[in-house]
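Take a look at the structure below.
Predicted model only: the values in this text are computed from it and were never measured.
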Amino acid sequence: MATFDVLPVIMAGGSGTRLWPLSRALYPKQFLALNGPQTLFQQAHLRLKGLDATDIAVAAPCIVGNEEHRFLVLDQLREVKADPSSLLLEPVGRNTAPAVALAALQATAGGQDPILVVTPADQTVVDVDAYTAALQTAIRAAAGGDIVILGITPDRPETGFGYIHAGDAAADGAHTVQAFVEKPDRKTAEDYLAKGGYYWNSGMFVMRASRWLAALSHFRPDIAQATEAAFKASATDNVFVRPDKAAFSAVPSESVDYAVMEQCPRQPQAGFKVRMVPLDAGWSDLGAWDAVWQVSPQDGAGNASEGDALIHDSRNTLVHATSRLVATVGLDNVVVVETPDAVLVADRSRSQEVKSIVTALSQKDRPEGSLHRRVHRPWGWYDSIDHGPRFQVKRIMVKPKAKLSLQMHHHRAEHWIVVSGTAEVTCGDKVIMLGENQSTYIPLGSTHRLANPGTIPLEIIEVQSGSYLGEDDIVRFEDNYGRSS
């Protein structure tokens with residue numbers, strides 16, 4: 001029996017603006033645990049591991065993501081005991097067509113031509129067995145050169161998704177695709193549901209790497225050529241593959257659907273056949289808070305909650321609390337999302353409009369659009385727990401064996417108090433060790449570094465004082481993570 005070599009490709013570069021304030025640019029929804037103990041990205045990886053069969057060999061995944069998220073990706077993979085085959089780092093966002101092209105170029109660089117199973121990192125599936133069976137059918141159908149997409153069996157007249165109009169199924173279980181249809185209005189969506197043969201476009205698709213490159217070169221040679229130029233100029237550092245920034249910035253931004261998928265049935269003479277495998281597995285793209293409410297356990301009045309929530313005389317309402325008690329009275333069809341530095345209250349039916357809040361935050365240059373109060377770094381995280389004129393207090397966690405950069409500040413001094421663990425402190429030409437309840441002072445202008453030589457997380461309280469306390473007041477002399485500023 002022939003074995004199909006499969007390379008999972010996880011698209012992890014989205015920003016998830018409609019799930020603000022929980023999802024933010026530097027910690028977007030794919031890295032959040034929204035429906036269980038594992039994040040959506042981790043769920044995507046674990047689902048793909050299950051594709052192995054007697055005729056299917058699944059390799060370690062190729063991840064395509066944002067340069068800013070590279071250590072977050074590695075940390076979350078380590079938590080589920082996984083390593084990527086490669087991590088392709090987009091220096092700027094250019095939508096999904098160039099991202100998939102990068103993965104295909106990486107997959108074929110050594111002369112192989114695996115079947116790519118491409119999936120977004122921010123979806124959820126209830127019935128994993130049905131998901132696995134559908135993708136295995138798609139893999140076998142794609143082996144001969146077709147592009148195969150998963151179509152979600154609709155259970156409501158949804159106006160927020162694009163649709164696939166599918167024809168009859170062949171013996172291998174894949175249907176012909178007659179057309180891709182834009183997001184419909186309510187009446188049209190109801191007609192689709194009544195007629196049958198229409199499926200939601202899942203954004204998951206399967207094809208040989210060479211087939212994608214050929215289709216992209218045919219329909220959008222500008223994207224294909226520009227992406228290849230950026231890839232050929234890549235720098236490689238362990239699993240990190242960094243396309244050239246200037247070259248990748250010149251790549252036209254376009255989605256997979258517009259660049260290739262929709263063109264194939266419109267231009268059958270081109271010879272790129274798209275087929276579809278139905279998926280009925282409790283799928284959701286969790287694109288907005290309304291979708292999170294739909295997949296969450298609900299009480300008899302249709303209310304769903306996460307965290308410390310008290311809900312009284314309310315219906316069809318979602319409450320997501322992360323740091324304090326949230327109580328509601330008399331709400332109907334409302335979303336309430338609380339984080340330490342922001343609270344969202346919205347009509348659940350208008351939750352798609354949350355992205356307008358993120359746009360407004362960006363226009364006002366406010367950090368709440370991109371950062372949480374707790375900011376994750378390659379070495380751990382810090383949480384700004386209080387601030388005022390000329391002072392700021394942070395709680396800092398450093399992972400075992402990790403260290404911050406060797407640095408100095410022009411405008412602030414720092415006091416460090418160890419709460420738990422062991423701290424190795426470099427200050428000028430001195431290196432000291434501190435245990436719990438011990439402290440030290442870092443004078444303004446001193447070269448210093450904080451490290452955790454131990455095997456448990458190090459936690460400290462840092463009190464900053466000075467005329468300017470911004471994160472850009474850091475001069476780095478040495479850094480383990482390739483950061484210069």
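When all heavy atoms of Asp113 and Arg208 are compared, the closest pair comes out as O-NH1, 2.8 Å. Across all their heavy atoms, Phe205 and Gly203 have their closest contact at CD2-O, 3.7 Å. Residues Ala291 and Gly287 approach most closely at CB-N, 3.9 Å, considering heavy atoms. The shortest heavy-atom contact between Trp20 and Ile357 is CZ3-CG2, 3.8 Å. The shortest heavy-atom contact between Leu216 and Ala101 is CD2-CB, 3.7 Å. Considering every non-hydrogen atom in both Leu7 and Ala107, the closest pair reads CD2-CB, 3.7 Å.
Formation of a donor-acceptor pair under 3.5 Å by the Gln392 side chain with backbone atoms of Ser384 is not found in this model. A donor-acceptor pair under 3.5 Å is absent between the side-chain atoms of Trp379 and the main chain of Tyr481, judged by distance alone. Between the side chain of Thr132 and the main chain of Leu51, no donor-acceptor pair closer than 3.5 Å is present. Looking only at distances, no side-chain donor or acceptor of Gln43 sits under 3.5 Å from a matching main-chain atom of Thr124. Between the side chain of Ser23 and the main chain of Gly16, a donor-acceptor pair closer than 3.5 Å is present. For Thr322 (side chain) and Glu338 (main-chain N/O), a donor-acceptor pair under 3.5 Å exists by modelled atom type. In terms of modelled atom types and a separation under 3.5 Å, the side chain of Thr108 and the main chain of Ala104 share a donor-acceptor contact. A distance-only check finds a donor-acceptor pair linking the side chain of Gln30 to the backbone of Ala12 [under 3.5 Å]. With hydrogens and angles disregarded, no donor-acceptor distance shorter than 3.5 Å links the side chain of Arg373 to the backbone of Asp341. Checking side-chain atoms of Asn95 against main-chain N and O of Ala97 turns up no donor-acceptor pair under 3.5 Å.
Taking the side chain as every heavy atom from C-beta outward, Tyr382 and Glu471 approach each other to under 4.5 Å. By the 4.5 Å heavy-atom criterion applied to side chains, Lys49 and Val58 are not counted as neighbours. At a threshold of 4.5 Å between non-hydrogen side-chain atoms, the residues Met397 and Asn452 do not count as touching. Between Leu434 and Ile460, every side-chain heavy-atom pair lies at or beyond the 4.5 Å cut-off. Considering only heavy atoms from C-beta on, Pro252 comes within 4.5 Å of Arg220 through its side chain. For the pair Phe161 and Asn201, the minimum side-chain heavy-atom distance is 4.5 Å or more. Using a 4.5 Å heavy-atom cutoff, the side chains of Pro400 and Pro457 are in contact. The closest side-chain heavy-atom distance from Val241 to Gln106 is below 4.5 Å.
Counting non-hydrogen atoms of other residues, nucleotides and ligands closer than 6.0 Å to CZ of Phe240 gives a total above 12. In Asp386, the CG atom is crowded: over 12 heavy atoms of neighbouring residues, nucleotides or ligands sit closer than 6.0 Å. More than 12 heavy atoms of other residues, nucleotides or ligands sit less than 6.0 Å from atom CZ of Arg324.
Each salt bridge (charged side-chain N to carboxylate O under 4.0 Å, His left out) pair with one or both residues in residues 92-111, not counting sequence neighbours, would appear here, but there are none. Identified under the salt bridge (charged side-chain N to carboxylate O under 4.0 Å, His left out) test for residues 438-457, with sequence neighbours left out: Arg449-Glu478. Among pairs with a residue in residues 440-464, those fulfilling ring pair (Phe, Tyr, Trp, His ring centres under 6.0 Å) read His409-His448, His415-Tyr441, Trp416-His448, at least two apart in sequence or across chains. Sorted by first then second residue, the salt bridge (charged side-chain N to carboxylate O under 4.0 Å, His left out) pairs that include residues 120-131, not counting sequence neighbours, are Lys29-Asp122. Residue pairs meeting the side-chain hydrogen bond (donor to acceptor under 3.5 Å, both in side chains) criterion with at least one member in residues 351-362, sequence neighbours excluded, are Arg18-Gln352, Arg350-Glu353. The list of salt bridge (charged side-chain N to carboxylate O under 4.0 Å, His left out) pairs with a residue in residues 459-468, not counting sequence neighbours, reads Arg395-Glu459.
Going from atom CG of Leu116 over to atom SG of Cys62 covers 8.0 Å, rounded to the nearest 0.5 Å. Taking OG1 of Thr236 as the reference point, atom CZ of Arg242 lies at 9.5 Å (rounded to 0.5 Å). Rounding to the nearest 0.5 Å gives a distance of 10.5 Å between OG of Ser217 and CH2 of Trp212. Atom-to-atom distance recorded for Leu371:CG and Tyr27:OH is 13.0 Å, nearest 0.5 angstrom. Summarising the geometry, atom CG belonging to Leu102 is positioned 6.5 Å from atom CD belonging to Glu90; distances are rounded to the nearest 0.5 Å. A distance of 9.0 Å separates CD1 in Ile63 from CG in Leu88, rounded to the nearest 0.5 Å.
Residues Glu68 and Arg24 are not paired through a salt bridge, judged by the lack of any N-O separation under 4.0 Å between the basic side chain and the carboxylate.
Among Leu32, Leu34, Val358, Leu344, the one residue that satisfies the side-chain contact (heavy atoms from CB on, under 4.5 Å) test with Leu19 is Leu34. If you run side-chain contact (heavy atoms from CB on, under 4.5 Å) between Val9 and each of Val206, Val118, Val117, only Val118 comes through.
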Query raised in the report: How far apart are the C-alpha atoms of Phe31 and Val73, what are their side-chain angles, what is the distance that settles it, and do they pass the side-chain contact (heavy atoms from CB on, under 4.5 Å) test?
Result: CA-CA 8 Å; Phe31 302 115; Val73 167; 3.7 Å; yes
Report task. Test Lys245 against Glu67 for side-chain contact (heavy atoms from CB on, under 4.5 Å), laying out the working first. Result -> CA-CA 11 Å; Lys245 183 174 183 178; Glu67 168 83 21; over 6 Å; no
Query - Test log, rule side-chain contact (heavy atoms from CB on, under 4.5 Å), inputs Leu72 and Phe41 - result: CA-CA 11 Å; Leu72 189 53; Phe41 171 69; over 6 Å; no
Report task. Begin from the C-alpha positions of Leu26 and Val375 and carry the test side-chain contact (heavy atoms from CB on, under 4.5 Å) through to its verdict. Result -> CA-CA 9 Å; Leu26 294 181; Val375 178; 6.0 Å; no
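Classification of the Trp200-Trp283 ring pair by plane angle, with boundaries at 30° and 60°, yields tilted. Tyr468 and His411 have perpendicular rings, their planes meeting at more than 60° on a 0 to 90° scale where under 30° would count as parallel.
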